[in-house]
Amino acid sequence: MPEIIAIVNQKGGVGKTTTAINIAACLAALNKKTLLIDADPQGNSTSGLGISKHNLKESFYDFLIDETPLTEIVMETSTPDLYILPSNRDSLSLGRDLMSTEGREVQMRKILGRQLEKSPYEFVLIDSPPNLEILSINIMAAAKRLIIPTQPEYYGLEGLADLIETYKRIRETLNPGLSILGVLITMHIATNNLSKEVTQNLRENMGGLIFETVIPRNVRLAEAPSYCQPIIAYDPKSSGSLSYQAVTMEILARTSQNQTSSEI
Ligand SMILES: Nc1ncnc2c1ncn2[C@@H]1O[C@H](COP(=O)(O)OP(=O)(O)OP(=O)(O)O)[C@@H](O)[C@H]1O
Ligand SMILES: [Mg+2]
């Protein structure tokens, strides 16, 4: 089975999609065959990689509800070794449709388990929506590890505490094998005191759970999706690109050493 890593945070706009696209692209650039599952009805990972989300024949919805095989839905991207399971507004009704499914909280785990058994992927990354509703619960029940992007701001800390409560509940009930691969500080501004204070506070309280690498606020990262490219293709030497490459190396080290924190 591939490493299944979900990028989660119920808070909106913290950099989940930017992180999912760019870590997936960095893994692919290292010749690791990677599937990015866009599990968000907003379809930002889909459009950010240059796939038109408005005329998809099939999407994440068909995968989860109709059990359409991955091989029929997954699309190539312009990055070699990077594939996407696209999403769009069709997935807006997933919450309601999952409610009437037997085993509704583990539907995604069941399907991924079946479909990834003989898949060619080394890594599967899941970009998730900004809530803790049934779809997000499915994602955390299906993943092996979580990456939690967070902005170094006060409300970010509050949101993180709620998310960790949910993570613990899911580990106790639905997915005992789940662990946190790391918390990733995003949109950090080195000259901003609040950024520095919150980052320091997080390192003191969560220690090694926080990735060493911090993602700076970098306008090139925000521009890249409109050129339908991950940052390593759009501006490989930018600070955003170098930081996503660095955190990818940390991820590879942590996954190969099986180093995650299931203790919190
Ligand atoms: N490090 C960064 N520097 C500058 N802009 C960034 C950075 N990371 C993300 N952004 C921009 O911030 C906005 C929110 O980022 P993104 O879409 O990745 O967040 P998200 O958590 O996926 O949002 P949602 O909760 O809506 O899915 C986007 O416009 C994105 O381009
Ligand atoms: Mg997003």
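Heads up: numbering here begins at 1 and tracks the sequence. Counting convention: from 1, in listed order, for ligands and their atoms alike.
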Top protein contact for [atom], by heavy-atom distance:
atom	value
atom 26 (O) of ligand 1	Gln42 NE2, 3.2 Å
atom 9 (C) of ligand 1	Thr18 OG1, 3.3 Å
atom 1 (N) of ligand 1	Pro216 O, 2.9 Å
atom 5 (N) of ligand 1	Ala222 CB, 3.8 Å
atom 19 (O) of ligand 1	Gly15 N, 3.0 Å

Taking distance alone, with no angle check, do [X] and ligand 1 share an N/O pair under 3.5 Å?
X	answer
Asn218	yes
Pro225	no
Thr17	yes

## Note on the structure
So OG1 of Thr199 and CD of Glu153: to nearest 0.5 Å the spacing works out to 10.5 Å
### Query
Is the Mg ion (ligand 2) less than 2.8 Å from an N/O/S atom of Ser45, whether that atom is in the backbone or a side chain?
no
Min heavy-atom dist [X] to ligand 1 below 4.0 Å:
X	result
Ala20	no
Gly13	yes
Thr186	no

### Task
Indicate, as side chain, backbone, both or neither, the part of Pro149 found under 4.0 angstrom from ligand 1 when only non-hydrogen atoms are considered.
neither
#### Entry: Structural part of Thr19 in contact with ligand 1, heavy atom criterion under 4.0 angstrom
neither
## Note on the structure
Heavy-atom proximity to atom 2 (C) of ligand 1 ranks first, among Met187, Glu223, Lys16, Lys11, for Met187
### Query
Numbering the atoms of ligand 1 from 1, which are under 4.0 Å from a heavy atom of Val14?
19 (O), 20 (P), 21 (O)
### Task
Of all the heavy-atom pairs spanning Met75 and Pro86, show the shortest one and how long it is.
SD-CG, 3.7 Å
### Message
To check you understand the geometry: which heavy-atom pair defines the closest contact between Pro216 and Ser243, and what is its length?
### Response
CD-OG, 3.3 Å
### Message
Any salt bridge linking Glu172 with Arg169? Criterion: basic side-chain nitrogen under 4.0 Å from a carboxylate oxygen.
### Response
no
#### Entry: Tyr244 side chain near Thr213 side chain, heavy-atom distance below 4.5 Å
no
